[in-house]
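To start, the structure itself, in structure tokens.
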Amino acid sequence: MRRTLVLVGGALNTLFFAFHLLLGWRLWRLGPTSGLRPLLETFNLGSALMVGFLALVSLAFPAELLTTRVGRSVLWLAVLLYLSRAIAEEALFVRPQPMIAGACLLVAAVYAAAGLMRGKAV
């Protein structure tokens, strides 16, 4: 069950990775509309790389994610990443999108459940 949760998290991260690639392309196509654009593109690129990494390790190395110290650290990083994004959606945005906060909470819950469950990793 733990491995299945990590694979589900990997699939969700793959979708978020594709979303960030699309978002980056859309930001790039906007052209120089704001002084914040370079910052947004930079943060989006960093987010895409982080989410892509989480997808890769979740799908390619689920046992290592659950059984090694480094793997468990990455797993809890995923929980913190998605929890912080859900909180930021509600706390910082003028018009928070419940769908975004909910999706982030879902991914955080999937990884937290995998990390908290006892039993075999594979």
Side-chain angles (χ1 to χ4, degrees):
M1 180 64 170
R2 294 175 69 206
R3 184 177 191 277
T4 301
L5 287 170
V6 168
L7 293 173
V8 168
L12 292 170
N13 273 303
T14 301
L15 294 174
F16 281 126
F17 179 70
F19 168 77
H20 276 279
L21 291 179
L22 176 63
L23 182 61
W25 181 72
R26 293 177 112 188
L27 283 169
W28 180 76
R29 285 196 39 193
L30 280 177
T33 58
S34 164
L36 289 177
R37 184 176 153 247
L39 184 63
L40 290 173
E41 285 193 41
T42 301
F43 283 140
N44 185 64
L45 175 61
S47 297
L49 290 172
M50 172 66 82
V51 170
F53 173 76
L54 292 173
L56 173 70
V57 297
S58 296
L59 296 173
F61 308 105
E64 288 87 344
L65 201 62
L66 292 166
T67 59
T68 67
R69 289 174 59 186
V70 170
R72 286 190 303 274
S73 296
V74 170
L75 185 139
W76 289 106
L77 174 65
V79 173
L80 291 174
L81 173 77
Y82 283 103
L83 272 180
S84 66
R85 180 59 181 92
I87 291 167
E89 183 67 29
E90 296 300 321
L92 302 177
F93 285 77
V94 175
R95 287 189 209 104
Q97 300 294 317
M99 186 75 114
I100 292 173
C104 290
L105 287 173
L106 171 67
V107 179
V110 166
Y111 280 108
L116 293 172
M117 276 184 177
R118 297 288 173 230
K120 291 174 58 173
V122 279

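Fair warning: this is a prediction, and the values are worked out from it, not measured in the lab. In what follows, residues are counted from 1 in the order of the sequence shown.
Nearest heavy atom pair, residue Leu7 against residue Ser58, reads CD2-O, 3.6 Å. Smallest separation of non-hydrogen atoms from Pro62 and Ala60: CD-C, 3.4 Å. For the pair Leu5 and Ala113, the tightest heavy-atom approach, listed with the atom from each and the gap, is CD1-CB, 3.8 Å. Nearest approach of Tyr111 to Gly10, heavy atoms of both residues: OH-N, 3.4 Å. Of all heavy-atom pairs between Val51 and Asn13, the closest is CG1-O, 3.1 Å. Closest non-hydrogen pair, Glu90 versus Pro98, comes out as OE2-CA, 4.4 Å.
To the nearest 0.5 Å, atom CG of residue Leu21 and atom CG of residue Asn44 are 8.0 Å apart. Separation of atoms CG (Leu23) and CG (Leu45) is listed at 11.5 Å; rounding is to 0.5 Å. Rounded to the nearest 0.5 angstrom, Leu83 CG and Arg85 CZ are separated by 12.5 Å. Put simply, CG on Leu106 and OH on Tyr82 are 10.5 Å apart, with the number rounded to the nearest 0.5 Å.
Val6 is connected to Met1 through a chain of hydrophobic side-chain contacts under 4.5 Å among Ile, Leu, Val, Met, Phe, Trp and Tyr, so both are in one cluster. Leu59 is not connected to Leu75 by any chain of hydrophobic side-chain contacts under 4.5 Å among Ile, Leu, Val, Met, Phe, Trp and Tyr, and they are in different clusters. In the hydrophobic cluster analysis, where Ile, Leu, Val, Met, Phe, Trp and Tyr join through side-chain heavy atoms closer than 4.5 angstrom, Leu56 is grouped apart from Val8. Hydrophobic clustering keeps Phe93 apart from Ile100 (ILVMFWY residues linked when any side-chain heavy atoms are closer than 4.5 Å, directly or through intermediates). Met117 and Val79 fall within a single hydrophobic cluster, where Ile, Leu, Val, Met, Phe, Trp and Tyr are joined by side-chain heavy atoms under 4.5 Å apart, directly or via other members.
Panel note: side chain Gln97, backbone Glu89; no donor-acceptor pair is recorded below 3.5 Å. The backbone N or O of Thr67 sits less than 3.5 Å from a side-chain atom of Arg72, completing a donor-acceptor pair.
Between Phe16 and Val107, the closest side-chain pair of non-hydrogen atoms falls below 4.5 Å. Residues His20 and Leu49 have side chains not in contact (no heavy-atom distance under 4.5 Å, counting atoms from C-beta outward).
Atom CZ of Phe43 has 12 or fewer neighbouring heavy atoms from other residues, nucleotides or ligands inside a 6.0 Å radius.
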